Amino acid sequence: GQNIDQPTEMTATEGAIVQINCTYQTSGFNGLFWYQQHAGEAPTFLSYNVLDGLEEKGRFSSFLSRSKGYSYLLLKELQMKDSASYLCAVRDGDYKLSFGAGTTVTVRA
Amino acid sequence: ETGVTQTPRHLVMGMTNKKSLKCEQHLGHNAMYWYKQSAKKPLELMFVYSLEERVENNSVPSRFSPECPNSSHLFLHLHTLQPEDSALYLCASSQGTSGSGANVLTFGAGSRLTVL
């Protein structure tokens with residue numbers, strides 16, 4: 001089966017940096033995704049990594065190490081609106097995405 | 001409207017009721033998905049349709065019955081549900097189910113279902 005682990009909750013201060021780790025053990029690998037989901041809203045796509053290394057998109061960066069089965073999402077210059085759940089997902093075939101349970105990030109003033 | 005729209009946003013039903021969830025996408029995508037999201041649990045893939053043909057039924061009980069009349073619409077028909085079926089049901093779409101077209105899912109806001 002698929003196993004994707006990420007911390008349940010994290011708290012950080014406005015303006016700080018938070019790193020959300022994700023480890024995975026899947027039968028195949030065809031890319032790793034991060035989605036953001038605000039309470040009561042649709043998950044929205046943040047980033048996609050298929051090769052090792054860092055992908056930067058503004059205040060958000062995502063890193064992948066395929067040999068270690070590891071990824072992280074880095075949120076810089078935290079803002080209150082970044083309070084949300086962050087979902088790590090691995091694509092293990094053509095279209096199947098296996099999700100982690102999500103990390104709830106709370107940003108405090 | 002743009003994106004993926006789900007109705008109703010909230011639904012309360014008894015175990016003997018029959019109801020349906022509706023999903024509509026205005027993105028010109030060819031693939032549509034149903035996911036179940038329970039509190040503190042990973043999203044569970046339920047069904048996948050590609051060009052109106054079901055390509056995935058992830059061991060979902062028969063009390064959930066999907067229907068995809070065209071590439072823009074997806075339904076989930078509910079019948080004789082159990083209280084443990086209470087969850088957020090998310091619809092999503094993608095350009096396709098293979099290659100780069102399957103890369104990014106666009107989700108709807110979900111239908112919050114409560115079974116009494």
Side-chain angles (χ1 to χ4, degrees), chain A residues 1-10 20 22-51 55 57 60 62 64 71 84-106, chain B residues 1-7 9-10 23-27 29-51 53-59 87-112:
Chain A
Q2 319 295 47
N3 192 24
I4 299 171
D5 287 319
Q6 52 181 128
T8 305
E9 295 178 338
M10 300 184 76
I20 307 170
C22 173
T23 58
Y24 63 90
Q25 292 175 306
T26 56
S27 55
F29 183 83
N30 203 9
L32 186 140
F33 298 77
W34 285 94
Y35 282 81
Q36 179 191 59
Q37 186 178 23
H38 286 101
E41 296 183 15
T44 55
F45 170 77
L46 284 180
S47 69
Y48 168 63
N49 295 70
V50 67
L51 299 176
E55 295 280 342
K57 236 189 222 182
F60 293 3
S62 57
L64 174 68
S71 171
S85 182
Y86 292 85
L87 311 177
C88 174
V90 173
R91 187 169 140 199
D92 60 6
D94 270 345
Y95 55 81
K96 273 195 178 181
L97 277 186
S98 296
F99 283 83
T103 300
T104 300
V105 172
T106 302
Chain B
E1 288 197 49
T2 59
V4 179
T5 304
Q6 291 187 243
T7 54
R9 292 294 310 276
H10 299 273
C23 176
E24 185 173 0
Q25 58 98 358
H26 305 271
L27 301 166
H29 287 170
N30 292 321
M32 296 188 77
Y33 308 73
W34 280 116
Y35 279 88
K36 176 183 179 182
Q37 188 175 35
S38 302
K40 306 298 182 186
K41 290 185 178 179
L43 267 72
E44 300 173 46
L45 179 64
M46 300 175 72
F47 300 105
V48 181
Y49 277 83
S50 175
L51 296 170
E53 180 180 338
R54 193 190 309 180
V55 297
E56 181 78 28
N57 177 348
N58 203 20
S59 303
L88 182 68
Y89 289 85
L90 290 165
C91 174
S93 69
S94 66
Q95 287 183 340
T97 52
S98 63
S100 60
N103 270 355
V104 178
L105 295 179
T106 302
F107 284 91
S111 292
R112 172 71 62 187

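In the text below, chain A, chain B and the rest are named by the order of the sequence lines, each starting its count at 1. Keep in mind that what you see is a predicted model, and the values were worked out from it rather than measured.
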Asks: Of the backbone (N, CA, C, O) and the side chain (C-beta and beyond), which part of B:Val48 lies under 4.5 Å from a heavy atom of chain A, both, or neither?
Replies: side chain

Asks: Which answer fits B:Gln37, side chain, backbone, both or neither, if we ask what part of it has an atom under 4.5 Å from a heavy atom of chain A?
Replies: side chain

Asks: Between B:Phe107 and B:Tyr35, is the ring centre distance below 6.0 Å?
Replies: yes

Asks: Is there a side-chain contact between B:Val4 and B:Leu27 (heavy atoms, below 4.5 Å)?
Replies: yes

Asks: Of the backbone (N, CA, C, O) and the side chain (C-beta and beyond), which part of A:Leu87 lies under 4.5 Å from a heavy atom of chain B, both, or neither?
Replies: side chain

Asks: Tell me whether the rings of A:Tyr35 and A:Phe45 are parallel (<30°), tilted (30 to 60°) or perpendicular (>60°).
Replies: perpendicular

Asks: Below 4.5 Å, heavy-atom pairs only: which of A:Ser98, A:Gly102, A:Ala101 has the largest tally toward chain B?
Replies: A:Ala101

Asks: At a heavy-atom separation under 4.5 Å, does B:Leu90 approach chain A through its side chain, its backbone, both, or neither?
Replies: side chain

Asks: Under the 3.5 angstrom rule, does the side chain of B:Gln6 hit a backbone N or O of B:Tyr89 as a donor-acceptor pair?
Replies: yes

Asks: Please classify the contact between B:Arg112 and chain A as side chain, backbone, both or neither, with a heavy-atom cut-off of under 4.5 Å.
Replies: neither

Asks: For atom NZ of B:Lys40, decide whether the heavy atoms of other residues, nucleotides or ligands shown that lie under 6.0 angstrom number more than 12.
Replies: no

Asks: Do B:Ser93 side-chain atoms and B:Met32 backbone N/O form a donor-acceptor pair below 3.5 Å?
Replies: no

Asks: Go through the atoms of A:Gln6 and report whether side chain, backbone, both or neither lie under 4.5 Å from a heavy atom of chain B.
Replies: neither

